[in-house]
Amino acid sequence: MIDQLKGSRILFAENNFDSLIDFLNDNSSSQIFVLTDENTRKHCLPLITHALKNNFTINNIEIESGEHNKKIETCIFVWNKLSEFGADKNSLLINLGGGVVTDIGGFVASTYLRGINFINIPTSLMGMVDASIGGKNGVDRDSIKNQIGLISFPLLVFIFPEFLKTLNDRNFKNGLAEIYKHGLIADKNLWNRLLLNKINRTNIKEILVSAIEIKSSIVSEDPFELGKRKILNFGHSIGHALESCLLNSEGQQLFHGEAIVAGMIMETWLSEKYCGLTPEESNEITNNLFTIFGKENFSQLDFDEFLGYLKHDKKNQHQQFNFSLLNAIGSCKWNIPVSKSDVKIVFDRYNAI
């Protein structure tokens with residue numbers, strides 16, 4: 001078990017659901033609902049239902065997978081399903097899936113009947129190290145990432161690493177991006193461990209615990225993102241804008257982690273100018289990120305459209321771009337004003353490589 005986080009418990013399971021069953025027995029609910037997408041219904045829900053069948057009756061609510069379905073219409077569908085099932089104030093919603101499922105499920109639960117309890121069971125690496133932890137829930141609006149939402153903490157986050165076996169290589173690498181980010185912003189030892197050991201499904205568990213502990217510690221110190229928690233947004237100002245640009249594109253589809261890696265590279269260059277990151281550390285970061293994750297092609301993107309999405313970043317104030325930037329590997333500052341012209345320089349520099 002990892003330390004409590006704003007009333008949430010984070011349980012790390014090895015190979016069974018016994019601790020989850022004990023938790024549910026200790027926190028009785030009138031009804032239990034499990035929110036899935038079509039993928040987690042097929043690959044993950046049977047394990048849950050088999051484990052719980054002798055103790056609990058559950059109802060499944062299924063939504064369509066994909067970031068393009070992280071919208072208010074999907075929430076309305078789930079709210080309606082809960083109402084049709086007769087969910088009451090003592091009902092429990094278990095969100096079984098990646099970041100889209102836990103973001104939507106947390107938002108739905110926190111607003112249905114002014115709030116019912118929910119549990120996150122992340123099934124993707126991205127969900128385990130990032131999306132399911134920290135209480136951020138919500139949906140996109142007009143392709144703008146996470147513009148509607150709230151901070152509301154789950155009753156429990158249940159980490160079951162066996163679910164990682166269901167991921168293909170691209171989805172697994174997608175989650176690795178956030179682990180590398182955790183090392184860059186808060187733990188140089190973690191960054192060095194990642195560079196020394198090629199992380200795969202067989203050796204991920206120890207790294208997984210370290211990454212979860214880093215995020216949990218930061219969120220516990222600043223749950224509502226008034227200060228230090230903003231460092232978790234390193235790479236996300238530019239990354240979210242890139243993701244939004246391509247969200248409804250019929251061509252290139254970009255995973256969240258892929259966008260964040262590109263964002264981290266560009267924001268590392270900004271860190272040299274604005275935060276005193278040394279050229280040596282900057283090169284170490286960018287060279288390794290390019291080698292491990294590769295390079296995306298954004299040459300077709302219109303910079304003014306990209307800039308339009310960047311203006312919606314939640315860290316901005318008074319029409320000023322505010323970034324979270326590195327002053328060293330393992331150390332990050334927040335609320336750093338950055339000019340539009342310098343954003344254009346790193347955007348063009350990335351595309352020129």
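Each residue takes its place number in the sequence, starting with 1. Keep in mind that what you see is a predicted model, and the values were worked out from it rather than measured.
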K.L.:
Using a strict cut-off of less than 4.0 Å between a Lys/Arg side-chain nitrogen and an Asp/Glu carboxylate oxygen, indicate whether Glu206 and Arg193 qualify as a salt bridge.
P.N.:
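Yes.
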K.L.:
Hey, is the main chain of Ile199 close enough, under 3.5 Å, to the side chain of Asn203 for a donor-acceptor pair?
P.N.:
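No, because the side chain of Asn203 does not come within donor-acceptor range (under 3.5 Å) of the backbone of Ile199.
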K.L.:
Can you check whether Leu247 reaches Glu243 side chain to side chain, under 4.5 Å on heavy atoms?
P.N.:
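Side chain of Leu247 against side chain of Glu243, heavy atoms only: no contact under 4.5 Å found.
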K.L.:
Under 3.5 Å, which donor-acceptor pairs do the side chains of residues 16-25 form with other protein atoms, sequence neighbours left out?
P.N.:
unit_1 : atom_1 : unit_2 : atom_2 : d
Asn16  : OD1    : Asp18  : N      : 3.0
Asn25  : ND2    : Ile21  : O      : 3.2

K.L.:
According to the interplanar angle, ranging from 0 to 90°, do the rings of Phe160 and Phe158 count as parallel (below 30°), tilted (30 to 60°) or perpendicular (above 60°)?
P.N.:
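Taking Phe158 first and then Phe160, their aromatic rings lie parallel (interplane angle under 30°).
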K.L.:
Group every Ile, Leu, Val, Met, Phe, Trp and Tyr by side-chain heavy-atom contacts under 4.5 Å, then state whether Ile214 and Leu196 land in the same group.
P.N.:
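No, no single cluster joins them.
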K.L.:
What's the separation between atom CD in Glu267 and atom CD1 in Ile265, rounded to the nearest 0.5 Å?
P.N.:
11.0 Å
K.L.:
Examine distances only and state if a side-chain atom of Ser216 and a backbone atom of Ile212 form a donor-acceptor pair shorter than 3.5 Å.
P.N.:
yes
K.L.:
If you group Ile, Leu, Val, Met, Phe, Trp and Tyr by side-chain heavy-atom gaps below 4.5 Å, do Leu167 and Ile121 land in one group?
P.N.:
yes
K.L.:
Is there a side-chain contact between Thr57 and Ile32 (heavy atoms, below 4.5 Å)?
P.N.:
no
K.L.:
Does any non-hydrogen side-chain atom of Leu325 lie less than 4.5 Å from one of Cys332?
P.N.:
no
K.L.:
Any donor-acceptor pair under 3.5 Å linking the side-chain atoms of Gln253 with those of His68?
P.N.:
no
K.L.:
Set out, in order, the CA-CA distance, both residues' side-chain angles and the distance that settles salt bridge (Lys or Arg N to Asp or Glu O under 4.0 Å) for Lys71 and Asp140, then state yes or no.
P.N.:
CA-CA 5 Å; Lys71 54 188 179 181; Asp140 305 335; over 6 Å; no
K.L.:
Near Lys42 NZ, under 6.0 Å, is it more than 12 heavy atoms from other residues, nucleotides or ligands?
P.N.:
no
K.L.:
Any non-hydrogen side-chain atom of Arg229 less than 4.5 Å from a side-chain atom of Glu221?
P.N.:
no
K.L.:
Report the distance from atom OG1 of Thr123 to atom CG of Leu47, rounding to the nearest 0.5 Å.
P.N.:
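Nearest 0.5 Å value for the OG1-CG distance: 11.0 Å.
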K.L.:
In the structure I gave you, are the side-chain heavy atoms of Leu242 and Leu301 within less than 4.5 Å of one another anywhere?
P.N.:
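In contact.
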K.L.:
Passes side-chain contact (heavy atoms from CB on, under 4.5 Å), Leu35 versus Val78? Steps please.
P.N.:
CA-CA 9 Å; Leu35 182 67; Val78 181; 4.0 Å; yes
K.L.:
Kindly indicate whether the side chain of Cys75, heavy atoms from C-beta on, has any atom under 4.5 Å from the side chain of Ile104.
P.N.:
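They are in side-chain contact.
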K.L.:
Decide, yes or no, whether a salt bridge links Glu62 with Lys81 under the criterion of side-chain N to carboxylate O below 4.0 Å.
P.N.:
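Judged by the 4.0 Å cut-off on N to carboxylate O distance, Glu62 and Lys81 do not form a salt bridge.
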K.L.:
Under 6.0 Å between ring centres, would you say that holds for His240 and His256?
P.N.:
yes
K.L.:
Do you know the tightest heavy-atom contact between Leu326 and Ser271?
P.N.:
N-OG, 3.0 Å
K.L.:
Looking at Asn174 and Gly257, would you say the former's side chain and the latter's main chain have a donor-acceptor pair under 3.5 Å?
P.N.:
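Checking the backbone N and O of Gly257 against the side chain of Asn174, a donor-acceptor pair under 3.5 Å is found.
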K.L.:
Which atom pair, heavy atoms only, marks the closest approach of Trp269 to Thr286?
P.N.:
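Closest approach of Trp269 to Thr286, heavy atoms only: NE1-CG2, 3.7 Å.
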K.L.:
Can you confirm whether more than 12 heavy atoms, excluding those of Glu38, are under 6.0 Å from its CD atom?
P.N.:
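Count over threshold, so yes.
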K.L.:
We want to know whether Asp142 and Gln147 form a side-chain donor-acceptor pair, criterion being a heavy-atom distance below 3.5 angstrom.
P.N.:
no
K.L.:
Using atom types as modelled and distance alone, determine if a side-chain donor or acceptor of Ser331 lies under 3.5 Å from a backbone N or O of Asn327.
P.N.:
no
K.L.:
Would you find more than 12 non-hydrogen atoms of other residues, nucleotides or ligands less than 6.0 Å from Arg114 atom CZ?
P.N.:
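Open.
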K.L.:
Could you tell me the separation between the CG atom of Asp103 and the NZ atom of Lys70, rounded to the nearest 0.5 Å?
P.N.:
4.0 Å
K.L.:
Would you sort out whether Val219 and Phe224 count as a side-chain contact (heavy atoms from CB on, under 4.5 Å), showing the intermediate values?
P.N.:
CA-CA 8 Å; Val219 173; Phe224 297 104; over 6 Å; no
K.L.:
Find out if a path of hydrophobic residues (ILVMFWY) with successive side-chain heavy-atom gaps under 4.5 Å connects Phe118 to Phe56.
P.N.:
no
K.L.:
For side-chain contact (heavy atoms from CB on, under 4.5 Å), just list the numbers for Val34 and Leu45, CA-CA rounded to whole Å, side-chain angles, deciding distance to a tenth of an Å, and then say yes or no.
P.N.:
CA-CA 8 Å; Val34 179; Leu45 182 61; 3.8 Å; yes
K.L.:
Counting neighbours of CD on Glu64 that are heavy atoms of other residues, nucleotides or ligands and sit closer than 6.0 Å, is the number greater than 12?
P.N.:
no
K.L.:
Report the C-alpha distance between Asn80 and Ser83 in whole Å, list the side-chain angles of each, state the deciding distance to 0.1 Å, and finish with yes or no for side-chain hydrogen bond (donor to acceptor under 3.5 Å, both in side chains).
P.N.:
CA-CA 5 Å; Asn80 287 339; Ser83 183; over 6 Å; no
K.L.:
Using modelled atom types only, decide if a donor and an acceptor are shared between the side chain of Lys188 and the backbone of Gly183 within a distance under 3.5 Å.
P.N.:
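Flag not set: sc Lys188 to bb Gly183 has no pair under 3.5 Å.
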K.L.:
Can you check side-chain hydrogen bond (donor to acceptor under 3.5 Å, both in side chains) on Asn60 and Thr36, steps first, answer last?
P.N.:
CA-CA 7 Å; Asn60 177 221; Thr36 66; 3.1 Å; yes
K.L.:
Any chance the side chains of Glu284 and Trp191 put a donor and an acceptor closer than 3.5 Å?
P.N.:
yes
K.L.:
Whether the side chain of Glu272 engages the backbone of Ser282 through a donor-acceptor N/O pair (distance < 3.5 Å, no angle test) should be reported.
P.N.:
no
K.L.:
Measure the CG-CG distance between Asn117 and Asn90 for me, rounded to the nearest 0.5 Å.
P.N.:
7.5 Å
K.L.:
Would Val101 and Ile58 show up in the same hydrophobic cluster when neighbours are defined by side-chain heavy atoms closer than 4.5 Å?
P.N.:
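Val101 and Ile58: separate clusters.
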K.L.:
Pairing donors with acceptors under 3.5 angstrom, does anything connect the side chains of Lys136 and Asn146?
P.N.:
no
K.L.:
Any non-hydrogen side-chain atom of Leu232 less than 4.5 Å from a side-chain atom of Lys181?
P.N.:
yes
K.L.:
Please test Leu125 against Asn171 for side-chain contact (heavy atoms from CB on, under 4.5 Å), starting from the C-alpha separation and ending with a verdict.
P.N.:
CA-CA 8 Å; Leu125 184 55; Asn171 276 284; over 6 Å; no
K.L.:
Answer with yes or no whether the side chains of Asp348 and Asn351 bring together a donor and an acceptor at under 3.5 Å.
P.N.:
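Per modelled atom types, Asn351 and Asp348 side chains form no pair under 3.5 Å.
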K.L.:
Could you check whether atom NZ of Lys340 has more than 12 heavy atoms from other residues, nucleotides or ligands sitting under 6.0 Å from it?
P.N.:
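No, because the 6.0 Å sphere around NZ of Lys340 holds 12 heavy atoms or fewer from other groups.
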K.L.:
Taking the six-membered ring for Trp, are Phe347 and Phe298 closer than 6.0 Å centroid to centroid?
P.N.:
no
K.L.:
What is the ring orientation for Phe293 with Tyr180, classed by angle as parallel under 30°, tilted 30 to 60°, or perpendicular over 60°?
P.N.:
perpendicular
K.L.:
Answer yes or no: is there a donor N or O on one side and an acceptor on the other, between the side chain of Thr49 and the main chain of Pro46, under 3.5 Å?
P.N.:
yes
K.L.:
Drop me the distance from Met126's CE to Phe255's CZ, to the nearest 0.5 angstrom.
P.N.:
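These two atoms lie 10.0 Å from each other.
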K.L.:
According to a hydrophobic-cluster definition based on side-chain heavy atoms being under 4.5 Å apart (Ile, Leu, Val, Met, Phe, Trp, Tyr only), do Ile238 and Tyr274 belong together?
P.N.:
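Yes, same cluster.
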K.L.:
Do Ile61 and Phe77 come close enough that some side-chain heavy atom pair is under 4.5 Å?
P.N.:
yes
K.L.:
Pairing donors with acceptors under 3.5 angstrom, does anything connect the side chains of Thr291 and Asn288?
P.N.:
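No, no side-chain donor-acceptor pair sits under 3.5 Å.
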K.L.:
Can a donor-acceptor pair be found between the side chains of Asp88 and Ser91 at a distance below 3.5 Å?
P.N.:
yes
K.L.:
If you round to the nearest 0.5 Å, how far is NZ of Lys230 from NZ of Lys333?
P.N.:
14.5 Å
K.L.:
Tell me which one of Leu96, Asn120, Ile119 satisfies side-chain contact (heavy atoms from CB on, under 4.5 Å) with Thr102.
P.N.:
Asn120
K.L.:
Do the side chains of Arg170 and Glu258 get close enough for a salt bridge, i.e. N-O under 4.0 angstrom?
P.N.:
yes
